[in-house]
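In what follows, chains are A, B, ... by sequence order, proteins preceding strands, each numbered from 1.
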2 protein chains.
Amino acid sequence: MVKNSEKILADHNVSITNPRVFVLEVLLENKGPITLDELQSTLKNRVAKSTLYRVLNDLKKINILNEFTSPENQTVVELSLSENDHHHHVFCTNCGEVEDVTLSEVFEKQLSDEITNIHKTSKYRIKEHTLELIGLCSDCD
Amino acid sequence: MVKNSEKILADHNVSITNPRVFVLEVLLENKGPITLDELQSTLKNRVAKSTLYRVLNDLKKINILNEFTSPENQTVVELSLSENDHHHHVFCTNCGEVEDVTLSEVFEKQLSDEITNIHKTSKYRIKEHTLELIGLCSDCD
DNA sequence: AAATAAATGAGAATTATTCTCATTTACTGT
DNA sequence: ACAGTAAATGAGAATAATTCTCATTTATTT
């Protein structure tokens, strides 16, 4: 049976190599956003640092990886395998933990209405949006 | 007559020095978010690079400067002199320009309701939020 | 105006990311 | 399965961004 990570690579016409599989496996297991630091230390003995950066760029190129910066300036990375998994992020300002949040449909509708209005008054054509929620997780609260 | 920038420093018990005044003047003139690169090149001959970083940290400490990262990984900086100037940002993915956007009161209310709901279901106590709108400015569209 | 404390400039040190190149690994056609 | 070719990797050098060091200058206090 073909592993999940190998299928992902094959589906995107990217050759299957050990580093790519290792990185994908960690991202898949983690299920959600992960700090670059954490990813690096998890993969330290299996993937060279330069290769990790290359693999992450490969995954960005095939559009299955999002990268963003936390309010504390940590690089954070997250798989996004399907087009329709629109969601946002909550950050803990104390421990740096990041998690996904999905907003209610009602609210996403209100948001897209607001964006339509902005489009009328501003000189921008808006393609995407990201909402970041910043606070404390229960451990740090 | 005391200059605006000097008053700001005095009001926050920060000593008035040339580099601090120069940085503040550029930020005040610019009125809105500015790229660190742009700030650096504007101040190149007046403020040493290390001092610029120090001054920006000083301003962060007294809570009159926001720093964030654009979707293209540019560091962006912005004065926020009053508590009640809550607003968000639009980014042009092509030229990197950033501008402020103020959302309608109706929408900010909807957003804060949504955050209240999230608080009920998630393990986070949310203190702040930032909404980033990403698209193309009229020049690049 | 002198004494003391704080801030600055210049460049060294550190950290994050990209690049180079010799070696290894994966894919292609047989 | 196998040789040949193209692509990917590891290790460390190169670059870029940010912080740190320390001798000198500037601000504040007396």
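OP1 or OP2 of dA8(D) lies within a sub-4.0 Å distance of a side-chain N or O belonging to R20(A). Side-chain N/O atoms of S15(A) include none lying less than 4.0 angstrom from OP1 or OP2 on dA6(D). For dT18(D), the OP1/OP2 oxygens have a side-chain nitrogen or oxygen of Y53(B) closer than 4.0 Å. The side chain of T51(A) places no N or O atom within less than 4.0 Å of a non-bridging phosphate oxygen (OP1 or OP2) of dA11(D). In this structure, T17(B) reaches the dT8(C) phosphate: one of its side-chain N or O atoms is under 4.0 Å from OP1 or OP2.
Under a 4.0 Å N-O distance rule, the pair K31(B)/E99(B) does not qualify as a salt bridge.
Less than 6.0 angstrom separates the ring centroid of H89(B) from the ring centroid of F68(B). Taking the six-membered ring wherever Trp is involved, the centroid distance between the rings of H88(A) and H129(B) does not fall below 6.0 Å.
Rounded to a whole Å, the CG atom of L36(B) is 9 Å from the P atom of dA17(D). To the nearest angstrom, C1' of dT17(C) lies 10 Å from CD of E67(A). The interatomic distance linking N73(A) (CG) with dT18(D) (P) rounds to 8 Å, in whole Å. As a whole-Å value, the separation of N57(A) CG from dT9(D) C1' is 15 Å. The distance between atom CG of L56(B) and atom P of dA7(C), rounded to the nearest whole Å, is 15 Å. Remark: P of dT21(D) and NZ of K49(B) are 18 Å apart, rounded to the nearest angstrom. As a whole-Å value, the separation of H12(A) NE2 from dA7(D) P is 20 Å. Protein atom CZ of R54(A) is 9 Å distant from nucleotide atom C1' of dT20(C), rounded to whole Å.
Of the residues near DNA chain D, T75(B) and D58(A), the one whose nearest nucleotide (by heavy atom distance) lies more toward the 5' end is D58(A).
If you check dC27(C), dG11(C), dT17(C) against the side chain of I16(A), the one that comes closest is dC27(C). Considering only side-chain atoms of N18(A), the nucleotide from dT8(C), dA26(C), dG10(D) that sits closest is dA26(C).
One side chain, S82(A) or N84(A), offers a donor N or O that lies under 3.5 Å from an acceptor on the other.
By the criterion of side-chain heavy atoms lying less than 4.5 angstrom apart, applied directly or through intervening Ile, Leu, Val, Met, Phe, Trp or Tyr residues, I34(A) is grouped together with L56(A) in one hydrophobic cluster.
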